[in-house]
Amino acid sequence: MMKVNKLSDFGYSFQIKLISALFKDKLFLQQIVDILDSSYFDSEANIVILDIIKEYFIEYKSTPTLEAMKIKIVEMEDDLLKKSIAENIKAAFSNLEAEDLDYVKHKALEFCKNQEIKKAIVESRSEERRVGKECR
């Protein structure tokens with residue numbers, strides 16, 4: 001079984017479809033918003049897109065529109081990053097009707113839950129070591 005530590009391990013297309021699902025499915029976004037960390041992405045453009053989507057959802061309790069995304073992008077300074085973000089958003093919107101979005105959502109939720117479990121184990125071990133040192 002393949003060890004998956006980043007969403008990039010699933011490939012570019014998977015990441016774009018995940019972003020598509022975040023735009024398309026408010027319920028899915030609600031399920032994953034707290035456990036989908038931008039550090040799971042390698043692409044700076046996808047990190048920025050995810051951060052914008054999460055901020056928008058937390059503030060407005062809805063998925064961001066294309067217009068809202070455009071406004072956020074226009075406000076940015078880095079032209080190269082803007083171009084990359086725009087390309088990824090365009091790709092995401094072209095995949096809104098992809099037939100495998102349910103699979104992508106399932107795998108993304110599974111991945112994020114596994115990452116949370118790993119994080120909890122690491123934190124638990126760190127706490128055990130800290131408490132162990134205090135008891136000596």
Side-chain angles (χ1 to χ4, degrees):
M1 191 163 127
M2 183 174 91
K3 185 177 179 184
V4 179
N5 292 312
K6 291 225 176 234
L7 289 169
S8 59
D9 295 339
F10 289 111
Y12 173 78
S13 179
F14 180 91
Q15 293 172 73
I16 292 298
K17 287 178 182 177
L18 173 55
I19 291 169
S20 298
L22 296 173
F23 280 122
K24 182 178 181 173
D25 189 340
K26 181 179 168 183
L27 181 61
F28 172 65
L29 180 53
Q30 189 175 348
Q31 286 178 303
I32 202 166
V33 71
D34 292 328
I35 59 174
L36 180 57
D37 195 294
S38 58
S39 70
Y40 300 156
F41 289 93
D42 283 336
S43 157
E44 187 177 358
N46 286 344
I47 290 169
V48 171
I49 292 168
L50 177 63
D51 289 343
I52 293 170
I53 291 170
K54 287 175 76 169
E55 287 171 17
Y56 189 94
F57 180 77
I58 289 166
E59 186 168 347
Y60 300 106
K61 304 295 182 239
S62 183
T63 57
T65 62
L66 186 55
E67 291 78 24
M69 294 300 292
K70 284 179 184 177
I71 291 167
K72 289 287 192 179
I73 294 167
V74 167
E75 296 172 348
M76 300 177 78
E77 302 277 326
D78 185 335
D79 288 336
L80 188 59
L81 181 58
K82 275 194 216 184
K83 186 177 188 310
S84 183
I85 291 168
E87 288 170 0
N88 287 7
I89 289 173
K90 183 178 177 184
F93 273 83
S94 72
N95 276 286
L96 289 176
E97 301 305 319
E99 293 195 13
D100 61 346
L101 282 186
D102 285 337
Y103 173 78
V104 169
K105 291 187 289 189
H106 173 80
K107 293 304 281 183
L109 271 171
E110 185 178 81
F111 170 81
C112 290
K113 288 175 183 176
N114 285 336
Q115 294 305 104
E116 288 295 306
I117 290 168
K118 288 178 191 177
K119 195 183 318 178
I121 291 169
V122 168
E123 288 172 4
S124 171
R125 288 182 180 160
S126 297
E127 182 64 17
E128 286 174 7
R129 281 189 222 111
R130 188 189 64 75
V131 170
K133 287 179 182 177
E134 289 175 2
C135 292
R136 288 185 205 153

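Treat the numbers as computed from the prediction; the structure is a model and nothing was measured.
Residue Lys119 holds its NZ atom at 9.5 Å from CD1 of Ile35, rounded to the nearest 0.5 Å. Of the inter-residue distances, the one linking Ile71 atom CD1 with Met69 atom CE reads 11.0 Å to the nearest 0.5 angstrom. Taking NZ of Lys17 as the reference point, atom CG of Leu22 lies at 14.5 Å (rounded to 0.5 Å). The CZ atom of Phe57 sits 4.5 Å away from atom CG of Leu29, with the distance rounded to the nearest 0.5 Å. Of the inter-residue distances, the one linking Ile73 atom CD1 with Asp78 atom CG reads 12.5 Å to the nearest 0.5 angstrom. Considering CD of Glu116 and CG of Asp37, their distance stands at 8.0 Å, rounded to 0.5 Å.
Side-chain contact between Thr63 and Ile53 is absent, with no heavy atoms from C-beta onward closer than 4.5 Å. Residues Ser84 and Glu44 fail the side-chain proximity criterion, which asks for heavy atoms closer than 4.5 Å. Using a 4.5 Å heavy-atom cutoff, the side chains of Ile47 and Tyr40 are not in contact.
The same ILVMFWY cluster, assembled from side-chain heavy atoms under 4.5 Å apart, contains both Leu50 and Leu66. Residues Phe41 and Val33 fall within the same hydrophobic cluster, defined by Ile, Leu, Val, Met, Phe, Trp and Tyr side chains chained together at heavy-atom separations under 4.5 Å. Under a hydrophobic-cluster definition in which Ile, Leu, Val, Met, Phe, Trp and Tyr are linked whenever side-chain heavy atoms come within less than 4.5 Å, directly or via other members, Ile49 and Leu96 are assigned to the same cluster.
For Asp42, the salt bridge (charged side-chain N to carboxylate O under 4.0 Å, His left out) partners two or more places apart in sequence, or in a different chain, are Lys6. Under the side-chain hydrogen bond (donor to acceptor under 3.5 Å, both in side chains) criterion, Gln31 pairs with no residue at all, not counting sequence neighbours. Ser43 is linked by a side-chain contact (heavy atoms from CB on, under 4.5 Å) to Ala45, Asn46, Asn88, counting only residues two or more places apart in sequence or in another chain. For Tyr60, the ring pair (Phe, Tyr, Trp, His ring centres under 6.0 Å) test picks out Tyr56, with sequence neighbours left out. Phe14 pairs by the ring pair (Phe, Tyr, Trp, His ring centres under 6.0 Å) definition with Phe10, not counting sequence neighbours. When the side-chain contact (heavy atoms from CB on, under 4.5 Å) test is applied to Ser94, no partner is found at least two apart in sequence or on another chain.
Residue Ile58 comes nearest to Lys61 through the heavy atom pair O-NZ, 2.9 Å, listed as atom of the first residue, atom of the second, then distance. Contact between Ser20 and Asn95 at its shortest, heavy atoms only, is OG-CB, 3.3 Å.
Not a single donor-acceptor pair under 3.5 Å links the side chain of Ser8 to the backbone N or O of Gly11.
The hydrophobic cluster of Leu27 has no other members, since no ILVMFWY side-chain heavy atom comes under 4.5 Å of it. Taking a 4.5 Å side-chain heavy-atom cut-off between Ile, Leu, Val, Met, Phe, Trp and Tyr, the cluster of Tyr12 extends to Ile16. Counting Ile, Leu, Val, Met, Phe, Trp and Tyr side chains that sit under 4.5 Å apart, directly or through other members, Ile121 shares a hydrophobic cluster with Ile117.
A ring-ring contact (aromatic ring centres under 6.0 Å, His included) check over residues 15-38, counting only residues at least two apart or in different chains, returns the pairs Phe23-Phe93. Annotation: ring-ring contact (aromatic ring centres under 6.0 Å, His included) contacts involving residues 64-88, sequence neighbours excluded, are absent.
The number of heavy atoms from other shown groups lying within 6.0 Å of NZ (Lys72) does not exceed 12. The number of heavy atoms from other shown groups lying within 6.0 Å of CD (Glu75) is above 12. By the neighbour-count criterion of 12 heavy atoms within 6.0 Å, atom NZ of Lys90 is sparsely surrounded, having that number or fewer from other residues, nucleotides or ligands.
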Going by atom type alone, with no hydrogens or angles, which donor-acceptor pairs under 3.5 Å involve a side-chain atom of residues 104-115 and a protein atom two or more places apart or on another chain?
| residue | atom | partner | partner atom | Å |
| --- | --- | --- | --- | --- |
| Lys105 | NZ | Asp25 | OD2 | 2.6 |
| Lys105 | NZ | Asp102 | OD1 | 3.4 |
| Lys107 | NZ | Glu110 | OE1 | 3.0 |
| Asn114 | ND2 | Glu110 | O | 3.3 |
| Gln115 | OE1 | Lys118 | NZ | 3.2 |

Derivation and outcome, salt bridge (Lys or Arg N to Asp or Glu O under 4.0 Å), residues Glu77 and Lys82: CA-CA 8 Å; Glu77 302 277 326; Lys82 275 194 216 184; over 6 Å; no
Steps toward salt bridge (Lys or Arg N to Asp or Glu O under 4.0 Å) verdict (Glu87, Lys83): CA-CA 6 Å; Glu87 288 170 0; Lys83 186 177 188 310; 2.8 Å; yes
